[in-house]
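This report refers to the structure that appears directly beneath it.
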Amino acid sequence: MKCYKGLLLLLFSISFTQLNAQALKRKYRGIYTGQIPKYEVKMGSKTYDVNASEIKAYLDRDSIYLEIGTSRYASSYFIESKEKQFILTSPREHSGIPELFILDPKTKTMIRKGLYPQPDATLTRSGKLPRR
């Protein structure tokens, strides 16, 4: 009886880990490049200008690698499909605010939702991922 309960518990836990195991099709994976436009940040009574910066997103089967200026980030993502678009949600380390990307498979563009006051950035597919 204990063996059956253990087996049932094991199968139940495995089914939940496989439930969210979605992968993006190979034709949507690749390198997406774009630019975050110039914007202003208000801190107290002062206003600071932030220059435009290049952004690259390497979209792989189960993870996304971001290069913003000289910074690099890597994370996994979760896929939600809505009205002919994919919404990719990627958790960020040491922050409770996730990165949000909207992938349009028809035009092969991706929009990175910026955190206030940072504007949204439009990224276009510029090539395939390098082979491992």
Side-chain angles (χ1 to χ4, degrees):
M1 190 66 175
K2 287 182 182 182
C3 189
Y4 291 119
K5 287 182 184 178
L7 184 61
L8 183 63
L9 182 64
L10 179 67
L11 289 175
F12 186 70
S13 64
I14 289 173
S15 67
F16 273 112
T17 59
Q18 295 300 319
L19 185 64
N20 200 12
Q22 301 173 353
L24 205 56
K25 288 185 178 180
R26 182 171 293 186
K27 63 182 175 180
Y28 305 134
R29 299 181 216 157
I31 302 170
Y32 290 83
T33 58
Q35 188 171 29
I36 300 173
K38 180 180 175 180
Y39 60 98
E40 294 181 345
V41 176
K42 278 191 167 184
M43 294 183 130
S45 62
K46 295 184 179 181
T47 303
Y48 299 98
D49 290 329
V50 178
N51 293 330
S53 61
E54 293 291 321
I55 180 171
K56 278 188 180 181
Y58 298 87
L59 192 60
D60 206 354
R61 186 176 151 235
D62 56 355
S63 55
I64 188 165
Y65 305 94
L66 285 176
E67 287 183 7
I68 302 173
T70 58
S71 303
R72 294 182 178 178
Y73 307 98
S75 180
S76 60
Y77 60 84
F78 305 101
I79 302 172
E80 184 181 342
S81 197
K82 288 222 176 173
E83 299 175 14
K84 299 179 183 177
Q85 290 183 337
F86 298 111
I87 298 174
L88 309 174
T89 307
S90 174
R92 294 189 304 174
E93 282 189 24
H94 311 296
S95 175
I97 305 168
E99 287 277 354
L100 189 67
F101 299 92
I102 300 172
L103 178 64
D104 186 4
K106 188 174 182 180
T107 60
K108 293 188 179 177
T109 59
M110 186 164 53
I111 297 172
R112 177 188 176 257
K113 292 296 201 178
L115 302 174
Y116 181 80
Q118 192 179 62
D120 296 347
T122 303
L123 303 131
T124 55
R125 187 162 187 251
S126 62
K128 294 182 179 181
L129 290 172
R131 293 189 61 101
R132 294 183 196 185

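Please read these numbers as outputs of a predicted model, since none were measured by experiment.
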* Identify, with sequence neighbours excluded, every residue that meets side-chain contact (heavy atoms from CB on, under 4.5 Å) alongside Arg92. =>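 With neighbours one apart ignored, the set is Ser95, Ile97, Glu99, Leu115.
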Give, for atom [atom1] of [X] and atom [atom2] of [Y], the distance between the pair rounded to the nearest 0.5 Å.
X: Met110; Y: Ile102; atom1: CE; atom2: CD1; answer: 11.0 Å
X: Arg61; Y: Arg26; atom1: CZ; atom2: CZ; answer: 9.5 Å
X: Lys108; Y: Lys27; atom1: NZ; atom2: NZ; answer: 7.5 Å

* **Heavy-atom side-chain proximity of Ile111 to Thr109 below 4.5 angstrom** =>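 Result no, sub-4.5 Å side-chain heavy-atom pair not found.
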What is the minimum heavy-atom distance between [X] and [Y], and which atoms define it?
X: Pro105; Y: Phe86; answer: CG-CE1, 3.9 Å
X: Phe78; Y: Pro91; answer: CE1-CD, 4.1 Å
X: Leu59; Y: Leu129; answer: O-CD1, 3.3 Å

* Give a yes or no on whether Leu66 and Leu100 share a hydrophobic cluster (residues Ile, Leu, Val, Met, Phe, Trp, Tyr; joining criterion: side-chain heavy atoms under 4.5 Å apart). =>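 No, it is not one cluster - the side chains of Leu66 and Leu100 are not joined through contacts under 4.5 Å.
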* Quick one: do Ile68 and Ile64 end up in the same hydrophobic cluster if we chain Ile, Leu, Val, Met, Phe, Trp and Tyr together by side-chain heavy atoms under 4.5 Å apart? ->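 In one cluster with Ile68: Ile64, yes.
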* Asked: Checking Ser90 side chain against Ser76 main chain: does a donor-acceptor pair fall under 3.5 Å?
  ->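 Such a contact is found between Ser90 side chain and Ser76 backbone.
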* Asked: Does the Asp120 side chain pair with the main chain of Lys113, one donor and one acceptor, at a distance under 3.5 Å?
  ->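 The answer is no, because no donor-acceptor pair under 3.5 Å joins these two groups.
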Compile the donor-acceptor pairs under 3.5 Å between side chains in residues 28-45 and protein atoms, sequence neighbours left out, one pair per line.
residue	atom	partner	partner atom	Å
Arg29	NE	Leu24	O	2.9
Arg29	NH2	Leu24	O	2.9
Tyr32	OH	Tyr28	O	2.6

